[in-house]
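Below, chains carry the letters A, B, ... as their sequence lines are ordered, and counting in each starts from 1.
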Amino acid sequence: MAFAPVPEWTGDVAALRAVQDDLARQVVLKDAFPKPLRTVAGFDVGFEDDGATTRAAAVLLDADSLQVLETRLVRLPKRMPYVPGLLSFRELPALLAALCLLSVTPDLVFVDGQGIAHPRRLGIAAHFGIATDLPSIGVAKKILVGENTTTLHDMRGAFTTLRDKGAQIGWLLRSKAGCLPLVVSPGHRVAMATAPEMVMRFVTGYRLPEPTRLADRLASRRDE
DNA sequence: GCGACAG
DNA sequence: ATCTTGTCGC
């Protein structure tokens, strides 16, 4: 399985933004994944050596039992600095490498970060989806762009629209009472309305859904 | 010009 | 993201 190459960092921010605009046009916001789901996977990145090393984690789960079927970890040297809005060019290569190590291709992917809730509508989850053509959803812990609309009830499962320039770009989802809401947005091959319910389907007793929560622990070595 | 800014 | 202890509320 080969993917479209991720552009290298030359310092040319404008060039990467142009790439994002091109890829964003290819995003499909309609459900296009197998039903019922068989497997799902969570992805996240962490760092070592003061950021010199990138650690990407992939966790494959059974969609029904939520049992962990496989866990993968990849280390790659840093390729570029963190630039708000250009996160995917920095972390996607490592995530794709981790995906390649899975023995099974997941039916749906959850990525720690934004889906289309991005200035140019191409957060890392959307970029991941376009690069692999796999259905994807972005699960971020903070808003990058956009604003809340109505009040969010402090009840598990409550959600409100996240909009930017008048259009809805995602949701603020209270995955757990008493916790700050998650920023959920479709990445690729997933409809706006489907994203929050898919996330809640994998939330157990924590703020983060299992796929992302487990990948997060591995990538940030908060594991063991 | 000023502030904001996923991970 | 990462560096870090105790503390408050569900």
At under 4.0 Å between heavy atoms, what does [X] touch on the DNA or RNA strands: base, sugar-phosphate, or nothing?
X      : result
A:G51  : nothing
A:L92  : nothing
A:I143 : sugar-phosphate
A:Y82  : base
A:D50  : nothing
A:D44  : sugar-phosphate

Exercise. Quick one: is A:R221 getting a side-chain N or O under 4.0 Å of the C:dT2 phosphate, OP1 or OP2?
Worked result: yes

Problem - Under-4.0 Å side-chain N/O to phosphate OP1/OP2 contact, A:K141 with C:dA1 - result: yes

Exercise for the section: Verify ring-ring contact (aromatic ring centres under 6.0 Å, His included) between A:F43 and A:F128, making sure each step is shown before the conclusion. Expected result: CA-CA 10 Å; A:F43 290 82; A:F128 186 114; 4.9 Å; yes

_Which label fits A:W171 and A:F159: parallel for a plane angle under 30°, tilted from 30 to 60°, or perpendicular past 60°?_
perpendicular

Tell me whether the count of non-hydrogen atoms from other residues, nucleotides or ligands lying under 6.0 Å of CD in A:Q67 goes above 12. no

Margin query: Does atom CD (A:E48) have a neighbourhood of more than 12 heavy atoms from anything else shown, all under 6.0 Å?
Written below: yes

Integer-rounded Å distance: [N] [atom2] and [X] [atom1]:
X     : N     : atom1 : atom2 : answer
A:E91 : C:dA1 : CD    : P     : 9 Å
A:F43 : C:dA1 : CZ    : P     : 18 Å
A:K78 : C:dA1 : NZ    : P     : 17 Å

Q. Charged N to carboxylate O below 4.0 Å: is that the case for A:R222 and A:D216?
A. no

Could you tell me whether A:R174 and A:D154 have a side-chain N and a carboxylate O separated by less than 4.0 Å? yes

Nt span of DNA chain B in reach of chain A heavy atoms at under 4.0 Å, 5' end first, is B:dC5 to B:dG7

Audit row: A:D112, A:T212, side chain to side chain donor-acceptor pair (under 3.5 Å) steps and yes/no | CA-CA 6 Å; A:D112 189 306; A:T212 288; 5.7 Å; no

Here the residues of residues 163-196 of chain A within 4.0 Å heavy-atom distance, strictly under, of DNA chain B are none

By nearest-heavy-atom nucleotide on DNA chain C, the more 5' of A:A219 and A:D154 is A:A219

